Trainee: 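One structure follows; several queries about it will come next.
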2 protein chains.
Amino acid sequence: MTSPRTTTSYALLGLLGLRDWTTYELARQVQRSLHWFWPRAERKLYDEPKRLVADGLATATSGSTGKRPRTVYGITDAGRTELARWLDEPSAARSSEFEALVKVFFADAGTLDQLRTTLDRIVAESVQRVSDLADNVDVGVADPAFPTRMHLNALAVRLQVEQELTVLRWARWARAQVDSWPSVHEPDDWDATGSLATLVAECRAAVG
Amino acid sequence: MTSPRTTTSYALLGLLGLRDWTTYELARQVQRSLHWFWPRAERKLYDEPKRLVADGLATATSGSTGKRPRTVYGITDAGRTELARWLDEPSAARSSEFEALVKVFFADAGTLDQLRTTLDRIVAESVQRVSDLADNVDVGVADPAFPTRMHLNALAVRLQVEQELTVLRWARWARAQVDSWPSVHEPDDWDATGSLATLVAECRAAVG
DNA sequence: CGCAAGATACTGCCCTGTGCAGTATTTGAG
DNA sequence: CTCAAATACTGCACAGGGCAGTATCTTGCG
């Protein structure tokens, strides 16, 4: 083994389990589907298949389109076995990065206008993401690449949609809250402490 | 400037804007609050303040507790100015990693039992995160470190709670769905395509 | 009082991953 | 026929993660 496999290795192995792909196709497919819950830069997607081949989990078939090289990757039996084994392993915790929320959190280092702009941008980005998601799903339903996998796709997409809509609803709510604040330091008559208590109660109720 | 500042630089600068901290305290504080939307390894939090000092955005005061060194960091005027300026910049897109969802997505490479186990683990992790969040908030309300920042805290916490609860609800729903599947390849009588269409409709409705 | 466990305070190393620039060739639209 | 877009990569510098390692200080328990 060249070095310990990462989740990215298995994500690509998973795609190779469905059919053969060139790296370029793989990169596009990752952006369309996996990107929502396992985002990786295109750059990585050119390195990773080589490692899979070195470990005997994938095969590389070099061809060409005229003078341009063209490598097609496929999965091996060892690859399928390893992929199935990986499904048993415990997973890393979910983690999300939200730079704009860091700006909201430290809003008192700036002005109320800055906070309002930050929230407006979050709403705009969120609307964009929800639209993109809907467009993607529309295409996937009208012309499914893997019709027999629709149910797995639907499980994953449902979470993505709920997540994006949750952010959008929150952003609109937060923007409305902030609208009545006289300054970034005072929430007017909003009872922040009481609101936190309500949230805690919701959490306790959900976990039973 | 040593090199372009990252969001991590500004996140720490933001904390330094509230009061002075030792790196150890900073590390703990980041785990408690920022970690939910800007997760960074402890290791990084020891390097970053040094860069801030090198750029004149922070000050380092070396003291000691007996023979053990102890560096206290604080913000400079230049640091405050730079922090306020950063609030104007557009932010990076939100991004989240969810390894377990990759396993759900490629569940057809394994067995139905594996999928069920994966979902059970997601539910368990989710319950844990919701509890932790509630505990954190309880402590923060009972004994607030920065009472005058409660409203900003409440904005951020609300999003975190909604996000975690969304994942929890989804995981329970998905686990129930999968319960009736005869195999990982067939969703029994579940209309996955119809379900996707409903989700698209929800998205379209939300973006107007 | 003595000692163990946990808290405090870091550094080094190797690897993954990102972003951007750079280099070509081929295809398709007008 | 031409030019833009798509295809197909590589190199490089830096951010970041995880883990091991090395101390010292504090606290509670017997």
Side-chain angles (χ1 to χ4, degrees), chain A residues 1-12 20-32 34-35 37-55 60-73 90-97 99 102, chain B residues 1-12 20-32 34-35 37-55 60-73 90-97 99 102:
Chain A
M1 203 189 331
T2 52
S3 62
R5 269 145 223 147
T6 64
T7 303
T8 306
S9 317
Y10 293 105
L12 292 179
D20 291 353
W21 308 79
T22 66
T23 323
Y24 189 81
E25 289 171 327
L26 227 32
R28 284 174 49 97
Q29 185 63 25
V30 167
Q31 296 316 303
R32 281 210 310 122
L34 282 170
H35 189 75
F37 46 92
W38 197 255
R40 282 302 173 266
E42 195 199 2
R43 185 65 187 83
K44 259 291 127 187
L45 309 177
Y46 277 92
D47 290 338
E48 201 56 47
K50 293 180 185 171
R51 288 166 40 120
L52 295 176
V53 171
D55 293 354
T61 312
S62 301
S64 62
T65 312
K67 281 180 189 165
R68 194 170 51 193
R70 180 187 158 87
T71 312
V72 177
Y73 292 94
S91 302
R94 202 163 48 81
S95 112
S96 62
E97 294 188 356
E99 181 179 10
V102 180
Chain B
M1 203 189 330
T2 52
S3 63
R5 268 146 224 145
T6 64
T7 303
T8 306
S9 317
Y10 293 105
L12 292 179
D20 291 352
W21 309 78
T22 66
T23 322
Y24 188 81
E25 288 171 329
L26 226 34
R28 285 175 49 96
Q29 185 62 25
V30 167
Q31 296 315 305
R32 282 210 311 120
L34 282 170
H35 188 76
F37 46 93
W38 197 254
R40 283 302 173 264
E42 196 199 1
R43 185 63 187 83
K44 265 290 128 183
L45 309 177
Y46 277 91
D47 289 338
E48 201 56 48
K50 293 180 186 171
R51 290 166 39 119
L52 295 177
V53 170
D55 293 354
T61 311
S62 300
S64 62
T65 311
K67 280 181 191 167
R68 194 169 52 191
R70 180 186 157 86
T71 311
V72 177
Y73 292 95
S91 302
R94 202 164 47 80
S95 113
S96 62
E97 294 188 355
E99 180 178 11
V102 181

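Quantities reported herein were computed from a predicted structural model and do not represent experimental measurements. By convention in this document, chain letters (A, B, ...) are assigned in the order of the sequence lines, proteins followed by strands, and residues within each chain are numbered from 1.
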Trainee: Looking at side-chain heavy atoms only, is the closest gap between A:W38 and A:Y10 below 4.5 Å?
Mentor: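 Answer no - side chains too far apart.
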Trainee: Less than 4.0 angstrom from a charged side-chain N to a carboxylate O is my criterion; do B:R51 and B:D55 meet it?
Mentor: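 Not counted as a salt bridge, because no side-chain N and carboxylate O are separated by less than 4.0 Å.
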Trainee: Side chains of A:L45 and A:L12: closer than 4.5 Å at any heavy-atom pair?
Mentor: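 Sidechains of A:L12 and A:L45: in contact.
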Trainee: May I ask you to check whether B:R28 and B:Q31 show a side-chain donor-acceptor distance below 3.5 Å?
Mentor: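 B:R28 vs B:Q31: no donor-acceptor pair found between side chains.
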Trainee: Kindly calculate the angle separating the two end axes of the helix from C:dC1-D:dG30 to C:dG30-D:dC1, each obtained from five base pairs, and round it to 10 degrees.
Mentor: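 Both end axes considered, the difference amounts to 40°.
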Trainee: Inspect the contact between A:R40 and B:E97 and indicate whether a charged nitrogen and a carboxylate oxygen are less than 4.0 angstrom apart.
Mentor: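 A salt bridge links B:E97 with A:R40.
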Trainee: Sequence neighbours left out, what passes side-chain hydrogen bond (donor to acceptor under 3.5 Å, both in side chains) with A:E42? Give chain and number order.
Mentor: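 Per chain and number, A:E42 pairs via side-chain hydrogen bond (donor to acceptor under 3.5 Å, both in side chains) with no residue.
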Trainee: Calculate, to the nearest 0.5 Å, the distance between atoms CD and OG1 belonging to A:E48 and A:T6 respectively.
Mentor: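 Result: 4.5 Å between the selected atoms.
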Trainee: Side chains of A:E99 and B:T7: any donor to acceptor distance under 3.5 Å?
Mentor: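 Present: a donor and an acceptor within the cut-off.
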Trainee: What does the B/S/- profile of nucleotides 7-17 of chain C look like, 5' to 3', with a 4.0 Å heavy-atom cutoff to protein?
Mentor: BBSBBBB--SB
Trainee: From CD of A:E99 over to P of C:dT18, roughly how many Å is that when rounded to an integer?
Mentor: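 Going from CD in A:E99 over to P in C:dT18 covers 16 Å.
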